[in-house]
Amino acid sequence: MNTIFERDLEAKGYIDVAIDPSMDIVQEIAKLKKEKNAVILAHYYQESEIQDIADYIGDSLGLSQQAAKTEADIIVFAGVHFMAETAKILSPSKKVLLPDLKAGCSLSDSCPPHLFAKFKENYPDHLVITYVNCTAELKALSDIVCTSSNAVQIVNDLPKDQKIIFGPDRNLGAYVMKKTGRDMVLWNGACMVHEIFSQDRIAQLRAAYPEAKFIAHPECEEHILAQADYIGSTSGMLKYTIENEAQSFIVATESGILHQMQKSSPTKTFIAAPPNNLCACNDCPHMKLNTLEKLYNALYYEMPEIDLPMEVIQRAQKPIERMLEISARLGL
């Protein structure tokens, strides 16, 4: 590897090569994709210009399904680190690129695998379900991986007497417990974006838009979910806004999803739920590290590449494949 690139990746997390401002970067990315048989997978929380050039846009479940079945040689993952790792686990023979290696996840960071392994030892008769928003090492410690799209259905699919550890998101875990009536042992982790919504400011917004539906992601805290007209994954929320007759929606999740909502329902109004301070904290700072320029350089230089030990890949494949099998069987 070029020494300068090594320094870039270590210090910055991405290839920092200036791009000619006169170049049509969207056109060049399309050309590189064709030349290299590459596919761009993007999460709903990415910047709108990245969503607009992606071959597939989705939530964690949909992205996992796409990563498992793609015939591309290269996967450029416009998302965060754990998502690119999941793609590598599902397609270990493919080259998986992440535009910025520093695009991490506060929820994933809240559950260090070595601490979770000790936590797990306290419950030897429990099955471990981990939310996909976690490291490859944590997935390797799991029995089943889930997403917010299928967590409730996966828990309901298990025998009633099966004891369960659920991690790392305590809010999603509490929501699943409420929906299923199951008692689970929860790891105490959370997403920084979904924990900053202000109950008082949402109430003010609802008073200002009395006809608006309030929709929320299950990673939000319980007192926020209690106000919601609909609770669901990002893909579930998008589908709800398309199918519901309401003309305006207050949306409690990362603001990137509003781009797809507006594209799908151009005559409707979408309002980002306000955080409990004056910052734009409902924008995930990790997701927004990816840019078109970083994506172009990643595809051009085929770096940064996600690489995982084969032993971790093999152990993490099993719980992810179990999730995909249950999801397929249940039609999710």
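Worth saying up front: this structure is predicted, and the values here are computed from it rather than measured.
- Between E302 and K36 there is a salt bridge, with a side-chain nitrogen of the basic residue lying less than 4.0 Å from a carboxylate oxygen of the acidic one.
- The hydrophobic clustering, which links ILVMFWY residues whose side-chain heavy atoms are closer than 4.5 Å, places I231 and Y45 together.
- In this structure, the side chains of I57 and Q260 come closer than 4.5 Å at one or more pairs of heavy atoms.
- Using a distance-only test at 3.5 Å, with no hydrogens or angles considered, no donor-acceptor pair links the side chain of E10 to the main chain of D8.
- A cation-pi geometry, defined here as NZ or CZ lying under 6.0 Å from the six-membered ring centre and within 45° of its normal, holds between K294 and Y14.
- With hydrogens and angles disregarded, a donor-acceptor distance shorter than 3.5 Å links the side chain of K120 to the backbone of L141.
- The backbone N or O of C134 sits less than 3.5 Å from a side-chain atom of K139, completing a donor-acceptor pair.
- Side-chain atoms of S108 and N133 form no donor-acceptor pair, as typed in the model, at a separation below 3.5 Å.
- In this structure, W187 has its ring center at least 6.0 angstrom away from the ring center of F166.
- Among E47, E49, E254, the single residue meeting the salt bridge (Lys or Arg N to Asp or Glu O under 4.0 Å) criterion with K288 is E254.
- With a 4.5 Å cut-off on side-chain heavy atoms, L258 and I271 do not count as touching.
- For E321 and K318, the salt-bridge test fails: no basic side-chain N is under 4.0 Å from an acidic carboxylate O.
- Annotation: E211, atom CD; neighbour count of heavy atoms from other residues, nucleotides and ligands within 6.0 Å does not exceed 12.
- With hydrogens and angles ignored, the 3.5 Å screen pairs a side-chain donor or acceptor of Q51 with a backbone N or O of Q46.
- Electrostatic pairing of E325 and R329 counts as a salt bridge here, judged by a charged N lying under 4.0 Å from a carboxylate O.
- Hydrophobic clustering (side-chain heavy atoms under 4.5 Å, transitive across Ile, Leu, Val, Met, Phe, Trp, Tyr) keeps V312 apart from L98.
- Q262 places a side-chain N or O within donor-acceptor distance of the main-chain N or O of K268, the cut-off being under 3.5 Å.
- Summarising the local packing, NZ of K263 is surrounded by more than 12 heavy atoms from other residues, nucleotides or ligands at distances under 6.0 Å.
- No donor-acceptor contact under 3.5 angstrom links the side chains of N297 and Y301, judged on distance only.
- The closest donor-acceptor contact from the side chain of R182 to the backbone of N156 lies at 3.5 Å or more, if one exists at all.
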Can you check side chain to side chain contact (heavy atoms under 4.5 Å, CB included) on I320 and L90, steps first, answer last? CA-CA 8 Å; I320 299 174; L90 290 168; 3.6 Å; yes
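- Of the possible polar contacts, none joining the S142 side chain to the V145 backbone as a donor-acceptor pair under 3.5 Å is found.
- The ring-ring contact (aromatic ring centres under 6.0 Å, His included) search around F214 returns none, not counting sequence neighbours.
- We find that D183 and K163 are not joined by a salt bridge, their nearest charged nitrogen and carboxylate oxygen being 4.0 Å or further apart.
- A distance-only check finds no donor-acceptor pair linking the side chain of T70 to the backbone of Q66 [under 3.5 Å].
- Within the 3.5 Å criterion, the main-chain N or O of E219 finds a donor-acceptor partner in the side chain of N171.
- With no hydrogens or angles considered, a side-chain donor-acceptor pair links S149 and D59 at under 3.5 Å.
- Salt-bridge formation is not detected for the pair D307/K88: no Lys NZ or Arg NE/NH1/NH2 atom is positioned less than 4.0 Å from an Asp or Glu carboxylate oxygen.
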